[in-house]
Amino acid sequence: MEDSSALARLDRRVADCRACPRLVDWREEVARTRRAAFADWTYWGRPVPGFGPADARLLVIGLAPAAHGGNRTGRMFTGDRSGDVLYRALYDVGLASQPTAVSADDGLELYGVRVTAPVHCAPPANKPTPGERDTCRPWLVRELELLRPTLRAAVVLGAFGWQAALPAFAQAGRSVPRPRPVFAHGARVALDGLDLFGCYHVSQRNTFTGRLTPGMLREVLRTAADAAGLL
C-alpha cells in the first residue's frame, strides 16, 4: 500500500511538471487548437504519468505521449494508432483486460504491467530534444525505484527510449553493462535481476511498413512476460 501511495503521488507530481518551456507551450497549444476530429474533447494538455499497477512485474517504456493521443486523453498510449497496436498485443498475450484504449475512463486494466515513457509531455514532431529527455529523466528514475521490489522485466520501444532508459536504470541502482548495450529489436540484456528487452517502436512508420508486425510485438511481449513470471 505504501508503494502504491508513493507511485500515485509521483504520478500527480509528474502531471504538474512545467520544467521544459518548449514542451509546455506545445502541449498547451495543441490542447487549445485541437484536431477537427476531436473538436468536442477537453484535452488533458499536461504531462502524462505512467499507467498500470504499483506492483507491476513488467514495464513497457515508450518515447513520449502523442499530441492527439495521450496529450488528449491523459493516459499513456491511449487514443492513437500506436496505442491501438500496443494494447491489442498486450490483450492478445493476456496482459490487458481489453484490446482497445480510447479514453482514461474506458475500463482498461493491465495485469502486472505498467506503461511509461522517458518524456512525459507531447513534443513537437514527436521529437524531444536531448535536453528535454535529460530534464525528464528523474521522473523515470523515481518510477523505477518505486517499482524495484516487484519489477522483473522491461520492454523498451525504440532506440530513443533505449538510450533514455539505460541511464535511468543505472541511476535507479541497476548495474548496466559497459559499454552500454546497443538497441536492437529482440535484444535482451540482464540488469541486476531484471531482463531488459528491445522492441521496435509501435509508431505508424514501423507498423504501416511492416517493420514491426503484430506477431513480432506479441513475441517480444510474451518473452518478456515469461521472464517477469507473468505467464
Heavy-atom closest contact ([X] atom, [Y] atom, distance):
X	Y	answer
V156	A165	CG2-CB, 4.2 Å
A64	P123	CB-CD, 3.7 Å
D226	L231	OD1-O, 3.8 Å
P181	L166	O-CD1, 3.7 Å
H201	S82	CE1-OG, 4.5 Å
V48	R75	CG1-C, 3.6 Å

- For atom CZ of R81, decide whether the heavy atoms of other residues, nucleotides or ligands shown that lie under 6.0 angstrom number more than 12. no
- Message: Other residues, nucleotides and ligands only: do more than 12 of their heavy atoms fall within 6.0 Å of CZ on R13?
- Response: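 No, because the 6.0 Å sphere around CZ of R13 holds 12 heavy atoms or fewer from other groups.
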Just verifying a value: how many Å separate [X] [atom1] and [Y] [atom2], rounded to the nearest 0.5 Å?
X	Y	atom1	atom2	answer
Y111	S97	OH	OG	4.5 Å
T207	M216	OG1	CE	11.5 Å
C199	L221	SG	CG	6.5 Å
Y87	L95	OH	CG	12.0 Å
L63	N126	CG	CG	7.5 Å
F77	L157	CZ	CG	5.5 Å

- How would you list all residue pairs meeting side chain to side chain donor-acceptor pair (under 3.5 Å) that involve residues 161-182, not counting sequence neighbours?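 Qualifying pairs: none.
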Side-chain heavy atoms of [X] within contact of [Y], under 4.5 Å:
X	Y	result
F51	L108	yes
S5	R9	yes
D134	P167	no
P118	R137	no
R152	L230	no
D106	S103	yes

Under 3.5 Å donor-acceptor, [X] side chain and [Y] backbone:
X	Y	answer
R114	G52	yes
R27	A122	no
R34	A39	yes
T209	N206	yes

- Query: Does R188 count as lying over the ring of F197, i.e. NZ or CZ under 6.0 Å from the six-ring centre, within 45 degrees of the axis?
  - Reply: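 No; the conditions do not both hold, so R188 does not lie above the ring face of F197.
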- Using the side-chain contact (heavy atoms from CB on, under 4.5 Å) rule, pick out the option among H120, E143, R46 that qualifies with V14.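 Filter result, single survivor: H120.
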- Task: Give the C-alpha distance, both sets of side-chain angles, the deciding distance and a yes or no for side chain to side chain contact (heavy atoms under 4.5 Å, CB included) between L10 and R142.
- Result: CA-CA 8 Å; L10 176 69; R142 183 57 181 151; 3.8 Å; yes
- Query: Is D84 paired with R88 through a side-chain N to carboxylate O contact shorter than 4.0 Å?
  - Reply: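 So R88 does not pair with D84 through a salt bridge.
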- Tell me, with the steps shown, if V102 and T78 meet side chain to side chain contact (heavy atoms under 4.5 Å, CB included). CA-CA 6 Å; V102 178; T78 298; 5.7 Å; no
If two hydrophobic side chains count as joined below 4.5 Å and joins carry through other members, does [X] share a cluster with [Y]?
X	Y	answer
L144	F160	no
F169	L7	yes
F183	I61	yes
V176	L147	yes
L23	W44	no

- Message: V85 vs L217, test: side chain to side chain contact (heavy atoms under 4.5 Å, CB included). Steps then yes/no.
- Response: CA-CA 9 Å; V85 173; L217 178 57; 3.7 Å; yes
- Identify the residue among E28, R35, H68, R72 that makes a side-chain hydrogen bond (donor to acceptor under 3.5 Å, both in side chains) with Y43.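 The option that passes is H68.
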- Message: Using the rule given for salt bridge (Lys or Arg N to Asp or Glu O under 4.0 Å), can you reason through E145 versus R148, listing the C-alpha separation, both sets of side-chain angles and the distance that settles it, and then say yes or no?
- Response: CA-CA 5 Å; E145 290 172 343; R148 179 155 190 152; over 6 Å; no
- Derivation of the salt bridge (Lys or Arg N to Asp or Glu O under 4.0 Å) call for E219 and R222: CA-CA 5 Å; E219 182 179 3; R222 189 175 289 112; over 6 Å; no
- Query: Do D16 and R12 pass the salt bridge (Lys or Arg N to Asp or Glu O under 4.0 Å) test, and can you show the C-alpha distance, the side-chain angles, and the key distance before you say yes or no?
  - Reply: CA-CA 7 Å; D16 288 337; R12 289 193 294 270; over 6 Å; no
- Task: Start with the C-alpha gap between T73 and W41, add the side-chain angles, then the distance that decides, and say whether side chain to side chain contact (heavy atoms under 4.5 Å, CB included) holds.
- Result: CA-CA 9 Å; T73 64; W41 275 76; 4.1 Å; yes
